[in-house]
Structure formats: structure tokens, C-alpha cells
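Notes to accompany the following structure.
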Amino acid sequence: MAKHIQAIRGMNDCLPTQSPLWHKVEGAVKSVVSAYGYNEVRMPIVESTHLFSRAIGEVTDVVEKEMYTFEDRNGDSLTLRPEGTAGCVRAGIENGLLYNQEQRLWYMGPMFRHERPQKGRYRQFHQCGVEVFGLNGPDVDAELIMMTARLWRELGIDKHVRLELNSIGSLEARANYRTALIAYLEQYQDVLDEDCKRRLHTNPLRVLDTKNPDVQAILGDAPSLSEYLDDESKQHFSGLCELLNAAGIEYTVNERLVRGLDYYNRTVFEWITDSLGAQGTVCGGGRYDGLVEQLGGKATPAVGFAMGLERLVLMMETLELTDVRRSVDVYMVTAGEGTMMAGMKLAEQLREQVPGIRIMTHFGGGNFKKQFKRADKVGAAVALVLGENEVMDNTVVYKDLSAGTQDTYSQTDVVAKLAELI
């Protein structure tokens, strides 16, 4: 007997029982971003490896350890995208969307990172990203945060997330702080773990968000990034905080929040939850004003965020917010000579006349009992019954499967009744 082929570890199927909740989350995302006037962009899932190493940073965990990279038949190094911002910037430059223009974009799709799979962290995962180009004020930063806050309300999880903010300043300010931080940490070589030692001279700001309690203890006396911020970054951050205060959005300033990718500057933020254990970040983002120029375009201010859809779905399940619209509204039951074709024809007419109605027609024969059992199994709210008499009279029996009541309508009048289900 042939061995079963299984899915690759960390890459999961989304089954029919799970997809309605995914549709709910994805639908809420699309509804919210559209309400702010943002337009969808779709990028390839495979890009040049150089795009990510150049954008994300050679010494980040993503580039060093996590990317799915391979050579194609031409010998070119390609990578399955580990995040969306770099590809979005590449697409904007290549298609002439960014220079002296304002763009408000969003995308959704699979990303890939070779990490140890665990609850809320997978090797193929799905993200929604939002990116804005051509605007440099704190107002658009605030709008992105307000947009995410609206999404949490739409999903009913707003009481279970909290916002953390920071400003990591200009590139020059960060360089000065980097020097001071390295000098401080070098005094504690005996405390630093191997990961922190590796980052010390390559990406020392990442030491600030270490989970090692011994290292966390010495960071209490480390130099503060806020002491090195340039005046423009301070003003930008102050303006952002004022806008969030006016909007009634609560937040905490976390001076150790730096985000994991090299391209960020000034504003960085994360939405955190305590409902998912160790994987507590459900959304993160910030400004990356230098990335367009870094990737070969003209200097363009930019800001954005990304959120993991698996974590949002998992959070909805954890909080038991799983009420979704049924997948079938109406089950078409037929019995008798010529009723199958009549039932299929009526179902087509009703789909035309009641946009959005979900009608499943019974196939495979069987008596009424079998057909009604199937209607219950698929979760239909109503069964429409066509027998030979109904076909002759141009009527249909409307049976409410919850209440157990039934009435007979003309095939014209049943349209209004079915519209109540939508």
C-alpha cells in the first residue's frame, strides 16, 4: 500500500469547517481598508533574494535563518516572500507608482518563513498589509492605527488587544544610540547569551526585545533611545500621540519596542494580546522613509503595517467569537417525475432574483427523509420542496427547518420570503 503524502510541516490546510471564520476575518479586513479609500495591490509570492536581503537587512533573523531560498533553472537566486513590504515597494518603483505621488495600498496573501512551527506561528502564514507612500506627517501614522482599532471593534476583539508605541528616530540618531548601546552591553559579556552576542555588533537594537530574563535585568540601566532622538522625530512622535489622544485611542510608550526589520525609522507600533500565549503580537508596523530610495527609487516617505491572519482567526476561536453566516441558506428538495430539472431551473432563477442567496440542490436521489437529513447536515435554514403537483401549479413549499413550519407560495412570491434570509 502506497504511503500517504502529508502536508509539509508548518503548512496547514484550511478545511471547509474552518473557512467561514476565515471569510469573516478577511471580509472585515477588506471592508475596513476600503472604508478608508485604500486600493488593493497583488504581488508575486516569489521575488529576487536580493530584494529581501537588501530591504530587511543581511543580519536580521529573517534573512539569516528563515527565508525559503532556491536557485531556479537559470541559476538566479529566488525567495518565497517572507513579508510583503519589500515586494510592495519593488512593485511601486517598477510600475512608476511612487515618485511625486501619493499611494494608499493594501494586500493580502501567503508569506513563508522557516521557523519552528508552534501555535500562532507557521511556515506558511497569511498576512494583510497596508502601505502608504508619499505622506510624511504623523496624521497618516495615526490613521493607520485608527484603522486597526476599527478592525478590532469590527471583529469584537478590541477589549483583548493593547497598543504599544515608540519612536526609533532618524538613521543618524539611531547610529549614535547604537554606538552608546554597544559600549554599554560590552560590559556584560558574561550575561549576554549567544544570540545577543551575535547581534551585539550587527543589530544591537534587537537585544532590547530579548526574552532572556538575565539580559532584561541589565537593560534596565542601559542608555535610553529617547535620549538620542533628533528634534524632528520628537515632534513627529508628539504629533502622533496628540492625534491618538484626540481619537480616544489608548496606548503605552514602550522604549524597547524596535521591530525586527532594519528598514523602520521614527514611528513603530505593535498591537499585543494576552490571549495567545507567547505569540502575543497580532499587528505591527511603522515608518520606513528610507526604503524606497534604498531599493533604487526616488526618496519617498512611507509607513505601513502588517497583521497575521492565522493569529486573528486563532484569537477569534479562543474568545469563542465564531458566529459566522451559514454556508447554505436554502436546500432544494425534489421528488417525482421531472422535478429534478424543475428544481435546478427554479434554483437558478432564485439566485438571479435574490442576489447573495446560497442555494444547494439535492443530487443523488433518495426519499424526503434522506433529503431533509442532508439539509440539516449542511445547516440550511430553509428547505424548498418541489413535487409533481408544485411543478404543475408553479408553486413551491417553503419549510422553516428551525421552527418546523411550512407554507406554500407561488414561485414568484417566494422571492420576497427568501430575501428575508439575507
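Predicted model, so just to flag it, every value in this text is computed and none were measured. Positions are given from 1, in the same order as the sequence printed here.
- Side-chain atoms of T49 come within 3.5 Å of backbone N or O of S77 as a donor-acceptor pair.
- Inter-residue side-chain proximity for R123 and I8 is flagged as unmet; no heavy-atom pair is nearer than 4.5 Å.
- Between T79 atom OG1 and H50 atom NE2 the span is 11.5 Å, to the nearest 0.5 Å.
- At least one side-chain heavy atom of Y398 sits under 4.5 Å from a side-chain heavy atom of L384.
- Between the side chain of R113 and the main chain of P82, a donor-acceptor pair closer than 3.5 Å is present.
- Sorted by first and then second residue, the ring-ring contact (aromatic ring centres under 6.0 Å, His included) pairs involving residues 214-240 (not counting sequence neighbours) are Y177-Y228.
- Residues satisfying the salt bridge (Lys or Arg N to Asp or Glu O under 4.0 Å) test with R351, not counting sequence neighbours, are E348.
- Across all non-hydrogen atoms, the minimal contact from T318 to S275 is CG2-O, 3.7 Å.
- The backbone N or O of L225 lies less than 3.5 Å from no partner atom in the side chain of E255, so there is not a single donor-acceptor pair.
- At least one donor-acceptor pair under 3.5 Å links the side chain of Q371 to the backbone N or O of T334.
- E186 pairs by the salt bridge (Lys or Arg N to Asp or Glu O under 4.0 Å) definition with nothing, not counting sequence neighbours.
- Of the options T281, N254, V282, a side chain to side chain contact (heavy atoms under 4.5 Å, CB included) to E270 is made by T281 and by none of the others.
- Proximity of V385 to Q406: side-chain heavy atoms (C-beta onward) are nowhere separated by under 4.5 Å.
- Taking N245 as the reference, Y251 meet the side chain to side chain contact (heavy atoms under 4.5 Å, CB included) condition, with sequence neighbours excluded.
- Note that the CD atom of Q124 and the CD1 atom of I45 stand 7.5 Å from one another [nearest 0.5 Å].
- Inter-residue side-chain proximity for E227 and N176 is flagged as unmet; no heavy-atom pair is nearer than 4.5 Å.
- Taking CG of D13 as the start and CD of Q6 as the end, the distance is 10.5 Å to the nearest 0.5 Å.
- Pairs engaging residues 113-147 under the ring-ring contact (aromatic ring centres under 6.0 Å, His included) rule: W22-H126, Y68-H114 [sequence neighbours left out].
- Side-chain atoms of Q127 never come within 3.5 Å of backbone atoms of M111 as a donor-acceptor pair (strictly under, hydrogens ignored).
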Q: Test side chain to side chain contact (heavy atoms under 4.5 Å, CB included) on R81 and L51 and set out the steps.
A: CA-CA 10 Å; R81 61 186 184 192; L51 172 67; over 6 Å; no

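- With rounding to the nearest 0.5 Å, the separation of CG in L165 from CD1 in I145 is 5.0 Å.
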**Q.** Worked verdict on Y288 versus E131 for side-chain hydrogen bond (donor to acceptor under 3.5 Å, both in side chains)
**A.** CA-CA 10 Å; Y288 50 96; E131 317 287 359; 2.6 Å; yes

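- R178 meets the salt bridge (Lys or Arg N to Asp or Glu O under 4.0 Å) test with no other residue; sequence neighbours excluded.
- In this structure, M344 places its CE atom where only 12 or fewer heavy-atom neighbours from other residues, nucleotides or ligands lie under 6.0 Å away.
- Of all the heavy atoms in R174 and N265, the pair that sits closest is NH1-CA, 3.7 Å.
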Q: Check the pair N166 / Y264 against side chain to side chain contact (heavy atoms under 4.5 Å, CB included), numbers first and verdict last.
A: CA-CA 11 Å; N166 194 21; Y264 285 110; over 6 Å; no

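- Side-chain atoms of Q101 come within 3.5 Å of backbone atoms of G96 as a donor-acceptor pair (strictly under, hydrogens ignored).
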List, one per line, each side-chain donor-acceptor pair under 3.5 Å for residues 25-38, sequence neighbours excluded.
{"from": "S34", "atom 1": "OG", "to": "K30", "atom 2": "O", "distance (Å)": "2.7"}
{"from": "Y36", "atom 1": "OH", "to": "R150", "atom 2": "NE", "distance (Å)": "3.2"}
{"from": "Y38", "atom 1": "OH", "to": "E143", "atom 2": "OE1", "distance (Å)": "2.7"}

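- A search for salt bridge (Lys or Arg N to Asp or Glu O under 4.0 Å) contacts involving D323 returns nothing, not counting sequence neighbours.
- Across every non-hydrogen atom of L321 and L155, the tightest pair is CD1-O, 3.7 Å.
- The closest side-chain heavy-atom distance from L312 to I157 is below 4.5 Å.
- Between the side chain of N212 and the main chain of D214, a donor-acceptor pair closer than 3.5 Å is present.
- Between the side chain of E115 and the backbone N or O of E66, no donor-acceptor pair lies under 3.5 Å.
- Annotation: side chain of R104 is in contact with side chain of L135 (closest heavy-atom distance under 4.5 Å).
- When all heavy atoms of A173 and L229 are compared, the closest pair comes out as CB-CA, 4.3 Å.
- Surrounding CD of Q189 are more than 12 heavy atoms belonging to other residues, nucleotides or ligands, all under 6.0 Å away.
- Looking at T273, its side chain does come within 3.5 Å of a backbone N or O of H160 through a donor-acceptor pair.
- Side-chain contact between V330 and L418: present, with at least one pair of heavy atoms (C-beta onward) separated by less than 4.5 Å.
- The shortest heavy-atom contact between K399 and G404 is CE-O, 4.3 Å.
- No side-chain heavy atom of F269 sits under 4.5 Å from any side-chain heavy atom of D141.
- The two residues I249 and L163 come nearest to each other via the heavy atoms CG2-CD2, 3.9 Å.
- In E320, the CD atom is not crowded: 12 or fewer heavy atoms of neighbouring residues, nucleotides or ligands sit closer than 6.0 Å.
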Q: Check step by step if side chain to side chain contact (heavy atoms under 4.5 Å, CB included) holds for M315 and V161.
A: CA-CA 10 Å; M315 194 171 174; V161 292; 3.6 Å; yes

Q) Can you check side chain to side chain contact (heavy atoms under 4.5 Å, CB included) on V354 and D329, steps first, answer last? A) CA-CA 12 Å; V354 190; D329 299 311; over 6 Å; no

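- In this view, D407 and Y409 satisfy the side chain to side chain contact (heavy atoms under 4.5 Å, CB included) rule, not counting sequence neighbours.
- With sequence neighbours left out, the side chain to side chain contact (heavy atoms under 4.5 Å, CB included) criterion links D231 to K234.
- Heavy atoms from other residues, nucleotides or ligands lying under 6.0 Å from CG of L15 number more than 12.
- Judged by distance alone, the side chain of N39 and the main-chain N or O of L105 form no donor-acceptor pair under 3.5 Å.
- Not counting sequence neighbours, the partners of E232 by the side chain to side chain contact (heavy atoms under 4.5 Å, CB included) test are D230, R266.
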Side-chain atoms of residues 355-364: list all donor-acceptor pairs with protein atoms under 3.5 Å, sequence neighbours left out, distances to 0.1 Å.
{"from": "R358", "atom 1": "NH1", "to": "R326", "atom 2": "O", "distance (Å)": "3.1"}
{"from": "H362", "atom 1": "ND1", "to": "Y331", "atom 2": "OH", "distance (Å)": "2.7"}
{"from": "H362", "atom 1": "NE2", "to": "G365", "atom 2": "O", "distance (Å)": "2.7"}

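- To the nearest 0.5 Å, the span separating CG on L185 from CG on L219 amounts to 6.5 Å.
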